[in-house]
Amino acid sequence: MQFREALLRAADQLELSSLKRVSALLSGHYSSPFQGSGMQFKDFRPYQFGDDIRHMSWLVTARTGHPTLKTFEEDRELNLILMVDVSGSSLFGISQTRKIEMYQELLALFGLAASKNNDNFGVLLFNHQPVQFIPPRKSRSHVFLALNQLASQKLEGMKSDLRPALKYLSHIVKTPSLIFIVSDFISPHFNEELKVLTKKHEAILIHCFDDAEKGSLLKGVYEGRDPETGETYLIDGSSAKLRSDLLNQFMQKTQYLEQLARDTKSDYLRLSIQDDYLQRVVRHFNSRGVFQYSAAS
């Protein structure tokens, strides 16, 4: 399988290890579903003056009569799961690139970066229900398997609903994980399902879109077809009202996702097909000294 040079360069530059370091830091400084998961229990030792009493083993202390502390070692292994939208709307694209090609490159980017870091990488394909789950493993060939499965999916006529896929992951994934949701989020609201998922896992909402969806780049009259319902329609790109309505709808969706990210202590990143989205991902994650729970514009 051949990748364009820009993708390979981005995969080499992307430092998912920054998230790995933070998963350990979170155990002592932040309220997070990763609390304690970045550090694995190692041993007991006698308490010494100045030690953090939060690490006291009160059970062992009571049994032995001697103040005893739990010690930990850093768990450097990261579990990444990429949720990828394979509904009909992924076929949309007003330029040469459609959203599905963008999704494929993002899957390759995160998969190759995880392989480089020797981390576990898995994929869940979904439309209105979970379609296929590829459990996390450490293998570059695992990334190619996921790409092949994504390329073989039937997209036409498939509607999107994140709720069943989020419920599925909450039930089946036991190890605290970083879960990237790659979608245009043309889906019913999924607040409650994401809240349940983020009680144990970290979520990153990656909002993928074509600039035409917010009223940009439209010129003249277009014949459109909804790939999820088959409905056809005409779009008057010269209409100022249409462009304004599209922009308002887009901003409402953005505000919803930003607020949901804040409510669930998740991360949010917008990616346009017309942008250099691979380098935008690299800049977004590599710029973090600390994983911040705030929406990105």
Side-chain angles (χ1 to χ4, degrees), residues 83-106 126-129 153-166 180-195 203-264 266-278 280-281 284 294-297:
M83 296 179 64
V84 183
D85 187 342
V86 290
S87 65
S89 64
S90 63
L91 291 169
F92 181 78
I94 200 169
S95 56
Q96 292 183 338
T97 303
R98 300 174 301 170
K99 281 184 277 189
I100 188 60
E101 278 100 33
M102 187 183 190
Y103 298 169
Q104 290 168 343
E105 288 206 315
L106 290 173
F126 73 93
N127 43 50
H128 63 281
Q129 62 185 358
Q153 293 303 309
K154 179 183 183 296
L155 307 175
E156 187 77 24
M158 295 293 106
K159 296 185 179 181
S160 179
D161 190 339
L162 262 164
R163 295 171 297 181
L166 292 172
F180 295 77
I181 307 174
V182 177
S183 175
D184 54 16
F185 296 103
I186 301 176
S187 166
H189 286 186
F190 51 96
N191 302 53
E192 294 306 315
E193 291 77 13
L194 187 63
K195 286 177 183 178
I204 299 95
L205 311 180
I206 301 183
H207 180 191
C208 301
F209 62 94
D210 189 296
D211 280 350
E213 294 174 66
K214 58 178 183 178
S216 302
L217 306 179
L218 294 176
K219 298 178 181 179
V221 178
Y222 302 84
E223 182 178 0
R225 181 174 179 271
D226 189 325
E228 294 190 6
T229 65
E231 180 184 359
T232 59
Y233 48 85
L234 291 177
I235 301 173
D236 182 3
S238 62
S239 168
K241 182 180 186 305
L242 173 66
R243 293 196 300 269
S244 176
D245 288 346
L246 288 172
L247 180 59
N248 287 336
Q249 291 172 15
F250 180 82
M251 294 310 299
Q252 287 174 12
K253 180 187 295 185
T254 295
Q255 290 163 9
Y256 163 70
L257 293 170
E258 287 177 339
Q259 186 60 54
L260 181 57
R262 285 191 289 269
D263 291 344
T264 57
S266 302
D267 193 17
Y268 172 64
L269 174 62
R270 292 191 316 195
L271 295 179
S272 165
I273 290 177
Q274 282 75 26
D275 195 5
D276 184 356
Y277 51 83
L278 295 174
R280 181 160 169 74
V281 169
H284 180 79
S294 61
S297 61

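The first residue of the sequence shown is numbered 1, and numbering continues consecutively from there.
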**OP:** Carefully, step by step, assess Gln252 and Asn248 under the rule side-chain hydrogen bond (donor to acceptor under 3.5 Å, both in side chains).
**Re:** CA-CA 6 Å; Gln252 287 174 12; Asn248 287 336; over 6 Å; no
Counterpart residues, salt bridge (charged side-chain N to carboxylate O under 4.0 Å, His left out), relative to [X] (two or more places apart):
X: Asp245; answer: Lys241
X: Lys214; answer: none
X: Glu213; answer: Lys99
X: Asp161; answer: Arg163

**OP:** Kindly indicate, with the supporting measurements, whether the criterion side chain to side chain contact (heavy atoms under 4.5 Å, CB included) is fulfilled by Met83 and Phe126.
**Re:** CA-CA 7 Å; Met83 296 179 64; Phe126 73 93; 4.1 Å; yes
Tell me, do [X] and [Y] make a side-chain contact under 4.5 Å, heavy atoms counted?
X: Tyr268; Y: Thr254; answer: yes
X: Lys159; Y: Ser87; answer: no
X: Leu162; Y: His189; answer: no
X: Leu269; Y: Leu205; answer: no
X: Ile181; Y: Ile204; answer: no
X: Tyr277; Y: Met102; answer: yes
X: Asn191; Y: Thr264; answer: no

**OP:** Output yes when a side-chain donor or acceptor of Glu101 lies under 3.5 Å from a complementary backbone atom of Arg98, and no otherwise.
**Re:** yes
Can you tell me how far [atom2] of [Y] sits from [atom1] of [X], rounded to the nearest 0.5 angstrom?
X: Ile100; Y: Glu105; atom1: CD1; atom2: CD; value: 11.5 Å
X: Leu271; Y: Cys208; atom1: CG; atom2: SG; value: 5.0 Å
X: Gln153; Y: Tyr103; atom1: CD; atom2: OH; value: 13.5 Å

**OP:** Using the test ring pair (Phe, Tyr, Trp, His ring centres under 6.0 Å), find all partners of Phe209 that sit at least two apart in sequence or belong to another chain.
**Re:** His207, Phe250
Original post:
Of all residues at least two apart in sequence or in a different chain, which pass the ring pair (Phe, Tyr, Trp, His ring centres under 6.0 Å) check with Phe190?
Top reply: Phe185
Original post:
So, Ser160 and Asn127: side-chain donor and acceptor under 3.5 Å apart, yes or no?
Top reply: no
Original post:
Just checking, any donor-acceptor pair under 3.5 angstrom between side chains of Ser90 and Asp85?
Top reply: no
Subject >> side chain to side chain contact (heavy atoms under 4.5 Å, CB included) between Gln274 and Asp210, worked out >> reply: CA-CA 7 Å; Gln274 282 75 26; Asp210 189 296; 3.3 Å; yes
Original post:
Given Leu257, which of Gln255, Gln259, Lys253 fulfils the side chain to side chain contact (heavy atoms under 4.5 Å, CB included) condition?
Top reply: Lys253
Subject >> From Ile206, Asp267, Val281, residue fulfilling side chain to side chain contact (heavy atoms under 4.5 Å, CB included) relative to Phe180 >> reply: Ile206
Original post:
Considering all heavy atoms of both residues, which atom of Leu166 and which atom of Leu194 are nearest to each other, and what is their separation?
Top reply: CD1-N, 3.9 Å
